[in-house]
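Have a look at the structure below before the remarks.
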Amino acid sequence: MLLAGCSGSKGLSLGDFTPEPAPAASVEMAGRWMVSAPDAPPCGMTFSGDTAKGEGKISPEGGCPGQFYKSRGWALVQDTLVIKDHTGDALVSLTLQGDRFVGTAPGGIPITLSR
C-alpha cells in the first residue's frame, strides 16, 4: 500500500534504491593470497586497496585456474568477497571461513583463497 504512491515518472522505484554497504569483514585483504582449486596448481594473487573501504585491485600471477587470470578487482562486504574481472563483472563470490575464503567458481569448481 505504501509503495503505491511511489509510482510515476518522477518518483523513485525500488530499482533506484542502493543500500549502503555493510561494514567489511575484519580480515586484512592487502598482500599475497593463493587461489586453490582441485586438479589445478595454486595461483598467487596480490591484493591492494583498503579493507576499511571494502574494495581494491588484484594482480594475478600466471597459471590461475579457470577465469582467475582475468581478476583485476575485489569488493568485500561483511564476510563475502567478490572477485571482479577487468570490466567489473563478478568472476566469483567467496565466503569468509576462519582465515580463508571459500566458494564455487562457474562450472562448479570449488575454490579456496588463503594466505
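In what follows, every heavy atom counts, from backbone to side chain, and hydrogens, waters and symmetry copies are set aside.
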Taking the side chain as C-beta and beyond, is there a heavy-atom pair between I58 and W33 under 4.5 Å?
-> no

Nearest heavy atoms of G44 and R32, plus distance in Å = CA-NH2, 3.9 Å

Which atom of W74 lies closest to which atom of G54, heavy atoms considered = CZ3-C, 3.6 Å

Can you list every pair that meets disulfide bond (SG atoms under 2.5 Å apart) and has a residue in [range], with sequence neighbours left out?
{"range": "residues 36-106", "result": "C43-C64"}
{"range": "residues 65-102", "result": "none"}
{"range": "residues 75-115", "result": "none"}
{"range": "residues 86-115", "result": "none"}

Please identify each residue that fulfils side chain to side chain contact (heavy atoms under 4.5 Å, CB included) with K70, with sequence neighbours left out.
-> Q67, D85, L91

Out of curiosity, does V35 fall in the hydrophobic cluster containing Y69 (side-chain heavy atoms, cut-off under 4.5 Å, transitive links)?
-> no

Please set out all donor-acceptor pairs under 3.5 angstrom arising from side-chain atoms of residues 93-115, sequence neighbours excluded.
| unit_1 | atom_1 | unit_2 | atom_2 | d |
| --- | --- | --- | --- | --- |
| R115 | NH1 | A30 | O | 3.2 |
| R115 | NH2 | E28 | O | 2.4 |
| R115 | NH2 | A30 | O | 3.1 |

Roughly how far apart are [X] [atom1] and [Y] [atom2], rounded to 0.5 Å?
{"X": "L76", "Y": "I83", "atom1": "CG", "atom2": "CD1", "result": "10.5 Å"}
{"X": "S59", "Y": "R72", "atom1": "OG", "atom2": "CZ", "result": "7.5 Å"}
{"X": "M45", "Y": "K57", "atom1": "CE", "atom2": "NZ", "result": "14.0 Å"}

